[in-house]
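Quick notes on the structure that follows.
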Amino acid sequence: MKQKYDSRSRFIKMRKHLSAAVLCLLLTLVTVIPLQAQTVGENAPLQFTKSVKKLTAGKTYRFRVNRTDGVSWSVGNEKIASVSKNGTVKAKRYGKTHIYASCGGEKISVLLQVKGKKIVGIDPGHQLRGDSSTEPNGPGSSTYKAKVAGGTRGTATGKPEYQLTLEVAKKLKTELWNMGYQVVMTRTKNDVNISNKARALLINESGADICVRIHADGAVSSARGATVLCPSSSNRYISKLYKKSKKLSEALIRAYCKETGLRNRGISYRDDLTGTNWSTVPTTLIELGFMTNSAEDRYMASASGQKEMVKGMAAGINEYFGY
C-alpha cells in the first residue's frame with residue numbers, strides 16, 4: 001500500500017511541476033512575443049500603410065504609416081492640398097503635390113495628383129489678326145465660313161475684343177481653379193492663328209465636360225446687355241447636345257447678369273456658328289456686353305467690372321454642375 005501511495009504522490013508532484021513549467025512557458029511567450037513584435041515594428045523603415053496617388057478636388061482621405069507615435073505630416077504645395085495632424089488630406093485644387101510623413105529622423109512622401117471636380121473648356125474669342133481663309137461650318141458641311149473673324153472694339157476705351165476676351169478668360173480660369181475645377185483654354189496669348197473649328201476640336205480632345213466661348217457684342221451705341229448663343233434643338237450637327245447646352249446657357253446668363261447688373265437679353269439660338277457646330281460637349285457662347293456702348297465698354301475694361309463678370313460666370317458654371 002505504501003508503495004502505491006508513494007507512486008501516486010510522485011505522479012502528483014510531477015504533474016504539478018509540469019503544469020508550473022507549462023504556465024511559466026506561456027507567460028514567457030505572452031511577454032516576449034509582443035516585445036519582439038514591437039521591436040520589429042520600431043526598427044522597420046517608415047512606410048505608408050494606407051495612401052492614394054489620385055484624389056478629386058473637395059474630397060478627403062486619411063493617409064497612414066506603420067508608426068503610431070511621433071508622426072508629423074506636411075504637404076508640398078498648400079494651394080493644391082492640405083493635411084491635418086492625423087494625416088487626413090483634403091484635395092483643394094487641380095495639380096500635383098507631395099504628401100510627407102516624418103518620424104524619428106525619417107521622411108517619406110507620396111506624389112498626389114489632385115483632379116479637378118470637372119473640366120471646363122474656355123475659348124477666348126478672336127485673336128490678334130483675323131483669318132479670312134475658310135473651313136466647313138460643321139462636320140460634312142458644304143457651307144464654308146471664315147476661320148476667325150476680326151471682332152469688334154471698344155468705342156470709349158479702344159480696347160479690341162480679342163484683348164478683352166483673353167483678359168476675362170484668364171481671370172475666369174483662376175477663379176474656377178480656386179473652386180476646384182480643371183480648366184483648358186484654347187489660347188493664352190493674342191498672337192495666334194487658331195480657327196474656330198480647331199478650337200472646338202481642342203476642347204473636345206481635352207476631355208472637357210463643357211465649353212464656354214467668350215465674346216463681346218457690337219451694334220448701335222444704344223444697344224446694351226448680355227446674351228448667350230446656344231445651338232437649337234434642330235441643329236443638324238449637335239442637336240443631341242441641345243438640352244444640356246440650353247441648361248448651361250440659362251445658368252450662365254442668369255448668374256452673370258445677377259452679379260454684374262447688366263441687362264439679360266436671354267438666349268439666342270444659333271446654328272451657324274462653326275465653333276459650336278464642331279463641339280462634342282455641351283457648349284454656349286456668351287456676349288459679355290456691348291463694346292459699342294460707352295458705359296458697358298468702360299465697365300468691361302475695368303478691373304472691378306471684370307471681377308464681377310468672372311464671379312458671375314463662375315457662379316453660373318457652378319450652378320450648371322449642381323455644386
Task: Joint cluster assignment, Met179 & Trp177, ILVMFWY side-chain distance < 4.5 Å - done: no
Task: From Arg254 atom CZ to Asn264 atom CG, the distance as rounded to the nearest 0.5 Å - done: 9.0 Å
Task: Linked, directly or transitively: Val75 and Val71 (ILVMFWY side chains, under 4.5 Å) - done: yes
Open item on the list: Does Lys117 qualify as a cation-pi partner of Tyr323, given the criterion of NZ or CZ under 6.0 Å from the six-membered ring centre and within 45 degrees of its axis?
Closed with: yes
Open item on the list: Quick check on the hydrophobic clustering: are Val281 and Val212 connected, directly or via other members, by side-chain heavy-atom contacts under 4.5 Å?
Closed with: no
- [ ] May I ask you to establish whether Lys244 and Tyr320 are in a cation-pi arrangement, using a distance under 6.0 Å from NZ or CZ to the six-membered ring centre and at most 45° from the ring axis?
- [x] no
TODO: Verify the distance criterion only: is there a donor paired with an acceptor across the side chains of Asn190 and Gln163 at less than 3.5 Å?
DONE: no
TODO: Output yes when a side-chain donor or acceptor of Asn204 lies under 3.5 Å from a complementary backbone atom of Trp278, and no otherwise.
DONE: yes
TODO: Applying salt bridge (charged side-chain N to carboxylate O under 4.0 Å, His left out), name anything that partners Arg298, two or more places apart in sequence or on another chain.
DONE: none
Task: For the student: nearest non-hydrogen atoms of Arg224 and Asn293, plus distance - done: CB-ND2, 3.7 Å
Open item on the list: Checking side-chain polar atoms at under 3.5 Å, does Asp271 have a donor or acceptor matched by the opposite partner on Ser232?
Closed with: yes
Open item on the list: Please give me the minimum heavy-atom distance between Ala169 and Pro124, naming the atom from each residue.
Closed with: CB-CG, 3.5 Å
TODO: Classify the side-chain pair Thr186/Arg213 by whether it contains a donor and acceptor separated by less than 3.5 Å.
DONE: no
Open item on the list: Looking at Asp123 and Gly125, would you say the former's side chain and the latter's main chain have a donor-acceptor pair under 3.5 Å?
Closed with: no
Open item on the list: Do Thr283 and Leu241 have side chains that approach each other closer than 4.5 Å (heavy atoms only, starting at C-beta)?
Closed with: no
Under 3.5 Å, sequence neighbours excluded: what are the donor-acceptor pairs made by side chains of residues 94-103?
residue: Thr97; atom: OG1; partner: Gly76; partner atom: N; Å: 3.4
residue: Thr97; atom: OG1; partner: Asn77; partner atom: N; Å: 2.7

- [ ] Indicate yes or no for a side-chain donor-acceptor contact from Arg199 to the backbone of Ile194 under 3.5 Å, with no hydrogens or angles considered.
- [x] yes
- [ ] Would you mind reporting whether His215 and Glu161 have side-chain heavy atoms less than 4.5 Å apart?
- [x] yes
Open item on the list: Ignoring hydrogens, what is the shortest heavy-atom contact between Ile203 and Ile122? Give both atom names and the distance.
Closed with: CD1-N, 4.1 Å
Task: Residue pair Lys92 / Val114: nearest heavy atoms and the distance that separates them - done: N-CG1, 4.3 Å
Open item on the list: I'd like to know if the side chain of Lys53 and the backbone of Val110 have a donor-acceptor N/O pair within less than 3.5 Å.
Closed with: no
- [ ] Say whether Ile286 and Leu166 are linked into one hydrophobic cluster, either directly or through other cluster members, by side-chain heavy-atom distances under 4.5 angstrom.
- [x] yes
Name the atoms and distances for all side-chain donor-acceptor pairs under 3.5 Å in residues 305-315, with sequence neighbours left out.
residue: Gln306; atom: OE1; partner: Lys171; partner atom: NZ; Å: 2.7
residue: Gln306; atom: NE2; partner: Glu167; partner atom: OE1; Å: 2.9
residue: Gln306; atom: NE2; partner: Met300; partner atom: O; Å: 3.0
residue: Glu308; atom: OE1; partner: Tyr299; partner atom: OH; Å: 2.6

Task: Heavy-atom side-chain proximity of Leu229 to Leu273 below 4.5 angstrom - done: yes
TODO: Salt-bridge test for Glu287 and Arg265: reply yes if a basic N is under 4.0 Å from a carboxylate O, no otherwise.
DONE: no
Task: Close side-chain approach of Thr227 to Ile253, heavy-atom, < 4.5 Å - done: no
- [ ] Taking all non-hydrogen atoms of both residues into account, name the closest pair between Asn235 and Pro231 and its distance.
- [x] ND2-CB, 3.8 Å
Open item on the list: Looking at Gly289, is its backbone amide N or carbonyl O close enough to the side chain of Glu296 to form a donor-acceptor pair, meaning the two atoms are under 3.5 Å apart?
Closed with: no
Open item on the list: Quick check for you: to the nearest 0.5 Å, what is the distance between Gln113 atom CD and Leu55 atom CG?
Closed with: 10.5 Å
Open item on the list: With a 3.5 Å distance limit and no angle check, can you tell me whether His126 reaches the backbone of Val148 through a side-chain donor-acceptor pair?
Closed with: no
Task: Shortest non-hydrogen separation from Met291 to Thr152 and the atoms involved - done: SD-CG2, 3.8 Å
Task: Check: Arg153 side chain, Gly158 main-chain N or O, donor-acceptor pair, under 3.5 Å - done: yes
- [ ] Starting at NZ of Lys247, measure out to OG1 of Thr284 and round the result to the nearest 0.5 Å.
- [x] 14.0 Å
Open item on the list: Looking at Tyr242, is its backbone amide N or carbonyl O close enough to the side chain of Ser245 to form a donor-acceptor pair, meaning the two atoms are under 3.5 Å apart?
Closed with: no
TODO: For Asn277 and Asn137, indicate whether the former's side chain and the latter's backbone hold a donor-acceptor pair under 3.5 Å.
DONE: yes
TODO: Would you check if there is a donor-acceptor pair between the side chains of Asn318 and Tyr181 at a distance under 3.5 Å?
DONE: yes
Task: Spacing of Ser233 atom OG and Lys243 atom NZ [to the nearest 0.5 Å] - done: 10.0 Å
TODO: Kindly say whether Asn86 contributes a backbone atom to a donor-acceptor pair with the side chain of Arg64 at under 3.5 angstrom?
DONE: no
- [ ] Is it possible for you to say whether Leu172 and Phe321 belong to one hydrophobic cluster, with membership spreading through side-chain heavy-atom contacts below 4.5 Å?
- [x] yes
